[in-house]
Protein chains: 2
Amino acid sequence: MSATHTSVLATELPRPVPQTELDACPVSALFRRLGDRWSMLVIILLGGRTHRYNELHRAIEGISQRMLTRTLRTLEADGLVTRTVHPTVPPSVEYGLTDRGRSLLVPISALADWAVENQNPSGRCGT
Amino acid sequence: MSATHTSVLATELPRPVPQTELDACPVSALFRRLGDRWSMLVIILLGGRTHRYNELHRAIEGISQRMLTRTLRTLEADGLVTRTVHPTVPPSVEYGLTDRGRSLLVPISALADWAVENQNPSGRCGT
DNA sequence: CGGAATCCTTCCGGATACTG
DNA sequence: CAGTATCCGGAAGGATTCCG
């Protein structure tokens, strides 16, 4: 295919973003991933026990159906959350943490301890 | 002050968001706070040694001046980063971590270990 | 009950230009 | 050198409606 042409009309991108090693930082990527509005709250709630969809919806209080579904689906795709559909009528869907999800709770709780001691006062998670 | 009037032309907000206990979760708030595009990278870089402004600007490569300044100022306001102005000419500004900032690196590194083992392969931070 | 689809607003963050 | 000021596009996320 005409080899390495590097013509003036270059096909290469006009430097959209040089993230060659930006998101290569794993902990930065993880913070970005879980730093959205709801992911951490869902993980912490599911860390206690499994929850059904509407159970999460009421427990979090303020999340929209749209965002609850999106958050759960993304966490599932990341291998942190399990989704179990019970084919009853009406349907029942139960969410929980995977082994990886539970293993994440360990460093999370270390960070939580730091947050409680160093940041805002009166901190509870609503669990 | 005409007591609790609650007039029809109420001055109160139309329910902006019921975050009574949403951001009350300290670890969720911390993730939100550090889950932006640049904060973690800046913290990690400053964890190695102090840096001058343009030093950070070149090291991160992709951050705009606007966001670098904003990120540093917010981290400073949170008591995680120090800002030292040397009144030379041309001016020189040095950034570093506070004691609190360094203490944060401990639980961060635990999370970093988890991220390296469980998430994306080939992870380095560019330090 | 547990969503999906659509619309609409807010805000994060990049690009650019200028300054002490 | 170390910022500030302004403009602007895209992504995040809420509200509402409809569906199996």
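Quick note on labels: first sequence line is chain A, next is B, and so on, each numbered from 1.
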_Separation of atom CZ in Arg33(A) from atom P in dA12(D), rounded to whole Å_ = 10 Å
*Looking at dG13(D), dG20(D), dG3(D), which one has an atom nearest to any side-chain atom of Met67(A)?*
dG13(D)
*Gap between atoms NE2 and C1', on His51(B) and dA2(D) respectively (whole Å)*: 16 Å
*Tell me yes or no: between the side chains of Tyr53(A) and Ser92(A), is some donor less than 3.5 Å from an acceptor?*
no
*asked:* Once you apply a heavy-atom cut-off of 4.0 Å, does Arg66(B) come out as touching a base, just sugar-phosphate, or nothing?
replied: base
*asked:* In this structure, how many angstroms lie between the P atom of dA2(D) and the CG atom of Leu68(B), rounded?
replied: 10 Å
*Gap between atoms CZ and P, on Arg73(A) and dG13(D) respectively (whole Å)*: 17 Å
*Where each residue is assigned the nucleotide of DNA chain C containing its nearest heavy atom, which of Arg83(A) and Gly35(B) is assigned the position nearer the 5′ end?*
Arg83(A)
*Salt bridge or not for Arg49(B) and Glu55(B), using N-O below 4.0 Å?*
yes
*Under 4.0 Å between a side-chain N or O of Tyr95(B) and OP1 or OP2 of dC1(D)?*
no
*Taking atom P of dA2(D) as reference, at what distance in whole Å does atom CD of Glu76(B) sit?*
15 Å
*asked:* Checking the side chain of Thr98(A) only, and the main-chain atoms of Gly79(A) only, is there a donor and an acceptor separated by less than 3.5 Å?
replied: yes
*Identify which nucleotide among dG14(D), dG20(D), dC1(D) has an atom closest to any side-chain atom of Pro91(A), counting heavy atoms from C-beta outward.*
dG20(D)
_Given the structure, check if the side chain of Arg37(A) and the base of dG13(D) hold any donor-acceptor pair shorter than 3.5 Å._
no
*Kindly say whether His57(B) contributes a backbone atom to a donor-acceptor pair with the side chain of Asn54(B) at under 3.5 angstrom?*
no
_Do Thr84(A) and Thr50(A) have side chains that approach each other closer than 4.5 Å (heavy atoms only, starting at C-beta)?_
no
*Rounded to whole angstrom units, what separation is found between the CD1 atom of Ile63(A) and the P atom of dG3(C)?*
12 Å
*Rounded to the nearest angstrom, tell me the gap between atom CD in Gln65(A) and atom P in dA12(D).*
21 Å
*asked:* Tell me the interatomic distance from Asp36(B), atom CG, to dC11(C), atom C1', rounded to whole angstroms.
replied: 13 Å
_Measuring from the side chain of Ser92(A) (C-beta onward, heavy atoms only), which nucleotide among dG3(D), dG2(C), dA4(C) has the closest atom?_
dG2(C)
